[in-house]
Amino acid sequence: MTDVTERARDLLGRLLHGHGVVARITEVEAYGGIEDPASHAFTRTPRSEIMYGPPWRLYVYRIHGHHAANVVTGPTEQAAAVLIRAGEIVEGHELAYERRGAVAEHALARGPGNLTKALGITSADLGTELLDPVPVFLGERVETPRIVAGPRVGVRLNADVPWRFWVEDDPTVSAYRRHPKAGAAQPSR
DNA sequence: GTTTAGATCAACT
DNA sequence: GTTGATCTAAACG
């Protein structure tokens with residue numbers, strides 16, 4: 001299969017523009033779509049249909065009153081997507097602080113909810129073409145970072161697959177939190 | 001059956 | 001104090 005995890009690694013170190021703020025992506029999670037129970041695309045519905053569509057479009061979903069941003073990566077038959085979990089603000093600090101309030105600089109876009117808030121991403125941006133220079137889009141790679149992998153944060157299902165990728169030793173990366181109801185950790189094999 | 005808005009609470013800062 | 005691919009309930013088709 002086309003490896004979703006490769007696409008996830010590929011996004012690390014790239015720029016993400018969001019409504020006047022630019023972030024360097026430092027943490028992502030891969031969602032294997034049709035073959036991943038933790039993915040919204042695991043069951044095909046009108047909502048998840050966007051993940052079965054062309055790649056490089058934005059999928060936004062609500063969680064805990066916040067939003068989370070995903071990049072649809074394709075291929076279309078697999079419905080895979082990559083969740084953008086954290087980034088470092090490299091441009092538009094003023095606007096980011098305005099949206100986030102007084103927080104430490106490294107915390108401006110740490111965590112999916114904070115990142116979407118700092119970049120001003122909401123459900124209104126659902127389906128945005130991320131390759132066009134519209135309010136939300138992907139920029140070029142600014143570095144080739146050293147990448148570390150581990151299990152995904154806060155997922156109940158499939159909690160042991162190492163599909164979370166982040167830039168090593170980056171302060172904007174959030175800590176690992178296992179979901180309370182996820183089964184006991186299984187030894188990697 | 002599916003989607004969305006709010007709530008909840010353990011883990012993190 | 002803050003956060004979140006969870007959880008439940010109500011609205012929708």
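Within every chain, numbering begins at 1; the chains are lettered A, B, ... in the order of the sequence lines, protein sequences first and strands thereafter.
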Novice: Can you measure Y176(A) atom OH to dA10(B) atom C1' for me and round it to whole angstrom units?
Specialist: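 Rounding to the nearest Å, OH of Y176(A) and C1' of dA10(B) are 13 Å apart.
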
Novice: Both H64(A) and R110(A) contact DNA chain B. Which one's nearest nucleotide lies toward the 5' end?
Specialist: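 Result: H64(A).
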
Novice: Round to the nearest Å and state the distance from L58(A) atom CG to dA5(C) atom P.
Specialist: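 These atoms are roughly 16 Å apart.
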
Novice: Check every atom of dA5(C), dT3(B), dT3(C) against the side chain of T45(A) and return the nucleotide holding the closest atom.
Specialist: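 Comparing dA5(C), dT3(B), dT3(C) against the side chain of T45(A), the answer is dT3(B).
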
Novice: Picking from dT2(B), dA5(C), dT13(B), which would you name as closest to the side chain of Y31(A)?
Specialist: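 Of all the options, the side chain of Y31(A) is nearest to dA5(C).
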
Novice: Look at all strands and tell whether Y59(A) reaches a base, only sugar-phosphate, or nothing, counting heavy atoms closer than 4.0 Å.
Specialist: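 Here Y59(A) touches the bases of the nucleic acid.
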
Novice: So that I can tick it off, tell me whether R146(A) and D169(A) are bridged by a salt bridge, with the cut-off set at under 4.0 angstrom between side-chain N and carboxylate O.
Specialist: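 Looking at R146(A) together with D169(A), the answer is no, because their closest N to O distance does not fall below 4.0 Å.
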
Novice: Rounded to the nearest 0.5 Å, what separates atom CG in L11(A) from atom CD1 in I25(A)?
Specialist: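 These two atoms lie 5.0 Å from each other.
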
Novice: Specify the residue among I63(A) and H106(A) whose closest nucleotide of DNA chain B lies further upstream toward the 5′ end.
Specialist: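 Per heavy-atom nearest nucleotide, the more 5' residue is I63(A).
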
Novice: Indicate, yes or no, whether a donor-acceptor pair under 3.5 Å links the base of dT3(C) to the side chain of H66(A).
Specialist: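 No such pair is found, so the answer is no.
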
Novice: Just call it for A68(A): base, sugar-phosphate, or nothing, with non-hydrogen atoms closer than 4.0 Å on any strand.
Specialist: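 If one applies the 4.0 Å heavy-atom cut-off, A68(A) turns out to touch nothing in the nucleic acid.
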
Novice: Among D125(A), L58(A), T128(A), which residue satisfies the side-chain contact (heavy atoms from CB on, under 4.5 Å) criterion with V134(A)?
Specialist: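 One option only clears the test, and that one is T128(A).
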
Novice: Which part of the nucleic acid does R85(A) contact within heavy-atom distance under 4.0 Å: base, sugar-phosphate only, or nothing?
Specialist: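 Sugar-phosphate: the residue R85(A), judged by heavy atoms under 4.0 Å, touches backbone atoms but no base.
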
Novice: Does dT8(B) have a Watson-Crick or wobble partner in any strand here, with both distances under 3.5 angstrom, and which is it?
Specialist: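 Checking every strand shown, dT8(B) finds no partner, since no pair has both distances under 3.5 Å.
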
Novice: Contact class for N70(A) (heavy atom, under 4.0 Å): base, sugar-phosphate, or nothing?
Specialist: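 Base contact - N70(A) has a heavy atom under 4.0 Å of at least one base atom.
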
Novice: Distance check: side-chain N/O of R62(A) vs OP1/OP2 of dT4(B), anything under 4.0 Å?
Specialist: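 The answer is no; no side-chain N or O of R62(A) sits under 4.0 Å from OP1 or OP2.
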
Novice: For residues W166(A) and I147(A), determine if any side-chain heavy atom of one lies less than 4.5 Å from a side-chain heavy atom of the other.
Specialist: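 Result no, sub-4.5 Å side-chain heavy-atom pair not found.
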
Novice: Have R178(A) and Y176(A) got a donor and an acceptor in their side chains that come within less than 3.5 Å?
Specialist: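 Side-chain D/A pair, R178(A) to Y176(A): present.
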
Novice: Mind checking R177(A) for me? I need base, sugar-phosphate or nothing, with any heavy atom below 4.0 Å counting as a touch.
Specialist: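 Contact class for R177(A): base.
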
Novice: When both hydrogen-bonding distances must be under 3.5 Å and the geometry is Watson-Crick or G-U wobble, what is dA5(C) paired with, if anything?
Specialist: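 Per the H-bond distance test, none.
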
Novice: Using side chain to side chain donor-acceptor pair (under 3.5 Å), reason through T172(A) and E27(A) one step at a time and then give a plain yes or no.
Specialist: CA-CA 8 Å; T172(A) 63; E27(A) 183 187 359; over 6 Å; no

Novice: From CG of L83(A) over to P of dT6(C), roughly how many Å is that when rounded to an integer?
Specialist: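 Between P of dT6(C) and CG of L83(A): 11 Å.
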
Novice: When you measure from the side chain of Y61(A), which nucleotide among dT3(C), dA5(C), dA7(B) comes out closest?
Specialist: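 Of all the options, the side chain of Y61(A) is nearest to dA5(C).
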
Novice: Would the Y61(A) and H40(A) ring centres measure less than 6.0 Å apart?
Specialist: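 When the ring centroids of Y61(A) and H40(A) are compared, they turn out to be within the sub-6.0 Å range.
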
Novice: Can you measure E29(A) atom CD to dG4(C) atom P for me and round it to whole angstrom units?
Specialist: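 Between P of dG4(C) and CD of E29(A): 11 Å.
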
Novice: Roughly how many Å is it from CD in E27(A) to P in dC12(B), rounded to a whole number?
Specialist: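 Atom-to-atom, E27(A) to dC12(B), this comes out as 13 Å.
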
Novice: Write down the distance separating the P atoms in dA10(B) and dT8(C), rounded off to the nearest Å.
Specialist: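 The same atom, P, in both gives a distance of 15 Å.
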
Novice: Just the rounded figure in Å: distance from P of dG1(B) to CZ of R47(A).
Specialist: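 Going from R47(A) (CZ) to dG1(B) (P), I get 17 Å.
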
Novice: Tell me the interatomic distance from R152(A), atom CZ, to dT6(C), atom C1', rounded to whole angstroms.
Specialist: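 After rounding, the reported distance stands at 14 Å.
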
Novice: State whether N114(A) places a side-chain N or O below 4.0 Å from either non-bridging phosphate oxygen (OP1 or OP2) of dT2(C).
Specialist: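 Negative; the distance criterion is not met.
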
Novice: dT3(C), OP1 or OP2 - any side-chain N/O from R100(A) closer than 4.0 Å?
Specialist: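 For R100(A), the contact criterion (side-chain N or O under 4.0 Å from OP1 or OP2 of dT3(C)) is met.
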
Novice: If the cut-off is 4.0 Å, is R44(A) near the phosphate of dT2(B), judged by side-chain N/O to OP1 or OP2?
Specialist: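 No, no such contact exists.
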
Novice: Could you work out the separation of dT6(C) and dT2(C) based on their P atoms and round it to a whole Å?
Specialist: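 My reading of the P atoms in dT6(C) and dT2(C) gives 23 Å.
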
Novice: Which nucleotide, dT3(B), dA5(C), dC7(C), lies nearest any side-chain atom of P112(A)?
Specialist: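 Nearest to the side-chain atoms of P112(A), counting from C-beta on, is dA5(C).
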
Novice: What is the separation between atom CZ on R164(A) and atom C1' on dG4(C), rounded to the nearest whole Å?
Specialist: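 To the nearest whole Å, that distance equals 13 Å.
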
